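All figures in this text were calculated on a predicted structure; none of them were measured in a lab. When a ligand or atom number is given, it counts from 1 through the structure's own listing order.
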Amino acid sequence: MENKKARIAVLVSGGGTNLQAIIDAEKSGILHSGTVALVISNVRSAYALQRAADAGIPGMWISKKAEGGQEGFERKLASVLEEQQIDLIVLAGFLAILSPAFTARYDHRILNIHPSLIPSFCGEGFYGLKVHEAALAKGVKVTGATVHFVNEIPDGGEIIFQKAVEILDGDTPEILQRRVMEQAEWKLLPAAAEKISAQIVAARS
Ligand code: GAR
């Protein structure tokens, strides 16, 4: 029954290809225990908000500046999540760090996708293309993606899924980013959203 599904809020900052993968997974039934109820961006111009609109999903921008800083931003975020009765928060290219007070409040209720095999190339300062630049600079031959729960340590929460992706001669950060997305991120994040949604639904009955 529809009303038994876990209600998911997806938090974004940019292009939103991972959001799109979750939307597509819900359409195809890969994600069937949860439903994307809301998309929230901390960046006004994020294309992800357009993707939400195109899919008929309510989207909103919360401005840290307008809310008077991090505390205000999180207060606003929490009030929207409460209001919308959100069960699960998915960080899909959300490139801001949430405070320990916020992550504690949503213990094991926040997922994040990170574009490397944690514990490599992760933590504060490692986001987006920077992660792939660092992997190429180090000369590793294998990278990948990780979905994990979010706790007070940036990229330090319990790992849910990981998938390895090969690095090839001639890779640029952009080429590698695309391969990691295609081969790992766009599969892992919807799969993890389904797994945790199913657990939330099961725990209710
Ligand atoms: C993705 O590669 C995601 O893994 C990464 O940002 C990109 C967002 O792309 N996230 C991080 O680096 C988090 N530390 P998208 O907006 O197209 O989903």
Fill in: Proximal ligand 1 atoms for Met181, defined as those under 4.0 Å from one of its heavy atoms
1 (C), 2 (O), 9 (O), 17 (O)

Item to complete: Verify the neighbour count for atom NZ of Lys76: are there more than 12 heavy atoms of other residues, nucleotides or ligands below 6.0 Å?
Response: no

Item to complete: Give the atoms of ligand 1, by number and element, whose distance to some non-hydrogen atom of Gly128 is under 4.0 Å.
Response: 11 (C), 12 (O)

Item to complete: Look at atom CD of Gln199 and say whether more than 12 heavy atoms of other residues, nucleotides or ligands are closer to it than 6.0 Å.
Response: yes

Worksheet item: Who's closest to atom 8 (C) of ligand 1 heavy-atom-wise, of Gly93, Ala21, Ser13?
Response: Gly93

Worksheet item: Are any of the N or O atoms of Asn112 closer than 3.5 Å to those of ligand 1?
Response: no

Practice prompt. Would you indicate whether the side-chain heavy atoms of Ile167 and Val140 approach each other to under 4.5 Å?
Written response: yes

Worksheet item: Can Leu95 be said to touch ligand 1, with heavy atoms closer than 4.0 Å?
Response: yes

Worksheet item: Identify the closest protein heavy atom to atom 1 (C) of ligand 1: which residue and atom is it, and at what distance?
Response: Glu185 OE1, 3.1 Å

Discussion item. Among Asn18, Ile113, Val10, which one puts a heavy atom closest to atom 18 (O) of ligand 1?
Written reply: Asn18

Worksheet item: CZ of Phe73: more than 12 outside heavy atoms within 6.0 angstrom?
Response: yes

Item to complete: Would you indicate which of His114, Arg178, Gln177, Lys130 comes nearest to atom 14 (N) of ligand 1 when only heavy atoms are counted?
Response: His114

Practice prompt. Within a distance under 4.0 Å of any heavy atom of Phe126, pick out the atoms of ligand 1 and give their elements.
Written response: 14 (N)

Discussion item. I'd like to check Tyr47 versus Val12 (side-chain heavy atoms, cut-off strictly below 4.5 Å). Are they in contact?
Written reply: no

Fill in: Residue pair Ala92 / Leu19: nearest heavy atoms and the distance that separates them
CB-N, 4.1 Å

Worksheet item: Under a 4.0 Å N-O cut-off, is there an ion pair linking Arg178 with Glu174?
Response: no

Worksheet item: Mind checking whether His132 has an N or O less than 3.5 Å away from an N or O of ligand 1?
Response: no

Worksheet entry | Closest protein heavy atom to atom 16 (O) of ligand 1, given as residue, atom name and distance to 0.1 Å | Gly16 N, 2.8 Å

Discussion item. So for ligand 1, is Val131 a polar contact partner (N or O within less than 3.5 Å, distance only)?
Written reply: no

Worksheet item: Which atom names give the shortest non-hydrogen contact between Glu194 and Ile30, and what distance separates them?
Response: CG-O, 3.5 Å

